[in-house]
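Heads up: the structure comes next, in structure tokens.
Every number for a ligand or one of its atoms is a count from 1 in the order of the listing.
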Amino acid sequence: MTGDVATWVREARRIVLLSGAGMSAESGVPTFRDAQTGLWARFRPEELATEDAFRANPQLVWDWYVSRREMIGKVDPNAGHGAVAGFQRRHPGRLTVVTQNVDGLHQRAGSPGVLALHGNIAEDRWLDRPRACCVAGNILAGRPPRCATCGNLRRPAVVWFGEMLPAQVLADAEEAAASCDLMLVVGTSGVVYPAAGLARATPGRVVVLNPHASELDDAAHAVLRGTAAALLPALLQG
Ligand code: NAD
């Protein structure tokens, strides 16, 4: 089966690699399915990564993001990220990365034009519609920082559960999915939509790379059971 998939990679004119949290697991970034550790062990991410949670307890949610940013700042892209970026360097324009990850590791590995469906954890934005006073020079440091004049809060620039995806990024991802002949689905449980819908809508062949069963296995032409860092370097070596 790996041989078939390697042939599909060689023959494909346009490839989309759709990645999820498992892509970064071997860098040391826990997936949402992994148990949280330390201070955060008693919270479920689904209860923290929402606008309601932030409005109810901004400091708690902000501090969780501070700890995730610190953790992500200490890790490096793994061999899987490197293999993807290397393939893109050798074959300009043939592979588009669409990721649900907010950790920026594809970008740090050197992948160009990453479509980050769920935003970037390193960035902030205003919680409520910014007024004239909400400008960079008028931010009061705090947990979270706020507008010194009107109190509008800064929040992480990620897509929380229940929120819309950035429209242009989603449109670009849909177009890439609609025009590819091969989609590699790496390290995603396939339960979060609309990201998972890209794998169901593509006319191209779908290959799932995941050490465990996923919700997208039934949409796949082939399933490779293994990890991103173990499978991708061999698959994308050409
Ligand atoms: P998920 O946590 O729901 O699923 C992770 C998947 O990765 C599972 O299917 C698991 O079997 C697989 N996996 C685990 N280790 C792997 C490995 N080494 N190689 C390949 N696959 C592996 O993640 P999801 O599907 O991305 O959805 C959860 C949401 O959480 C996403 O929207 C994402 O934005 C967010 N999230 C992002 C990060 C990140 O940026 N690194 C981390 C956690 C959660």
Side-chain angles (χ1 to χ4, degrees), residues 2 5 17-37 40 43-50 53 61 64-65 67-84 97-109 111 114-123 156-166 169-170 173 183-200 206-220 222-236:
T2 314
V5 177
L17 183 130
L18 174 65
S19 65
M23 180 84 215
S24 300
E26 288 153 288
S27 291
V29 184
T31 69
F32 276 1
R33 302 289 174 274
D34 292 332
Q36 298 207 87
T37 51
W40 302 102
F43 297 101
R44 294 176 53 229
E46 294 83 344
E47 291 162 4
L48 294 168
T50 72
V61 174
W64 181 56
Y65 276 95
S67 84
R68 292 188 67 213
R69 283 173 176 169
E70 281 171 359
M71 181 258 299
I72 286 167
K74 287 186 201 138
V75 305
D76 293 310
N78 63 52
H81 297 105
V84 175
V97 174
V98 178
T99 189
Q100 301 169 76
N101 296 341
V102 296
D103 55 34
L105 291 178
H106 281 296
Q107 295 89 329
R108 279 175 51 199
S111 280
V114 175
L115 298 173
L117 294 172
H118 295 163
N120 188 332
I121 198 168
E123 293 164 12
V158 298
V159 176
W160 280 331
F161 290 103
E163 292 185 327
M164 305 282 284
L165 274 59
V169 178
L170 180 60
M183 182 178 290
L184 304 174
V185 180
V186 185
T188 176
S189 54
V191 297
V192 176
Y193 280 76
L198 297 172
R200 299 204 173 272
V206 174
V207 179
V208 165
L209 289 75
N210 197 312
H212 307 292
S214 85
E215 294 291 319
L216 287 171
D217 290 359
D218 67 316
V223 175
L224 302 181
R225 284 276 170 259
T227 69
L231 292 173
L232 286 171
L235 209 55
L236 297 176

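With a 4.0 Å heavy-atom cut-off, ligand 1 is reached by the backbone of Thr227 and by its side chain too. Residue-level proximity to ligand 1 for Glu215 is absent, since no heavy atom of it falls below 4.0 angstrom.
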inquiry  = What verdict does the salt bridge (Lys or Arg N to Asp or Glu O under 4.0 Å) test give for Arg68 and Asp103, after you've listed the backbone C-alpha separation in whole Å, the side-chain angles of each residue and the deciding distance to 0.1 Å?
reply    = CA-CA 9 Å; Arg68 292 188 67 213; Asp103 55 34; over 6 Å; no
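Considering backbone and side-chain atoms together, Ala25 places no N or O closer than 3.5 Å to any N or O of ligand 1. Of the polar atoms of Phe32, at least one N or O is found under 3.5 Å from an N or O of ligand 1, judged by distance alone. Among the atoms of Arg68, none of the N or O lies under 3.5 angstrom from an N or O of ligand 1. In terms of N/O distances under 3.5 Å, ligand 1 is approached by Ala228. Between Ala213 and ligand 1, not a single N/O pair is under 3.5 Å apart. Checking only distances, Asn210 does come within under 3.5 Å of ligand 1, N or O to N or O. Any N or O atom pair closer than 3.5 Å counts here, and Val102 shares at least one such pair with ligand 1.
In this structure a side-chain-to-backbone donor-acceptor pair under 3.5 Å is present from Asn78 to Met23.
Using a non-hydrogen distance threshold of 4.0 Å, Pro30 registers as a contact of ligand 1. Remark: distances from the non-hydrogen atoms of Ser214 to ligand 1 are all 4.0 Å or more.
Set against the non-hydrogen atoms of Gly20, the atoms of ligand 1 under 4.0 Å away are 26 (O). Within ligand 1, the atoms closer than 4.0 Å to a non-hydrogen atom of His212 are 11 (O), numbered from 1 in the order shown. For ligand 1, the atoms lying closer than 4.0 Å to a non-hydrogen atom of Val192 are 27 (O). Residue Glu26 approaches ligand 1 through these ligand atoms, each under 4.0 Å from one of its heavy atoms: 17 (C), 18 (N), 19 (N). For ligand 1 and Val29, the ligand atoms under 4.0 Å from any heavy atom of the residue are 41 (N). Remark: ligand 1 atoms within the under-4.0 Å shell around heavy atoms of His118 are 31 (C), 32 (O), 33 (C), 34 (O).
Here the heavy atom of the protein found nearest to atom 34 (O) of ligand 1 is Gln100 O, 2.5 Å. When only non-hydrogen protein atoms are considered, atom 3 (O) of ligand 1 lies nearest to Ser189 OG, 2.5 Å.
Ring planes of His106 and His81: perpendicular class, angle over 60° (limits at 30 and 60°).
At a cut-off of 3.5 Å, with distance as the only test, no side-chain donor of Ser189 or Ser214 sits close to an acceptor on the other residue. Between the side chains of Thr188 and Gln100, at least one donor N or O sits under 3.5 Å from an acceptor N or O.
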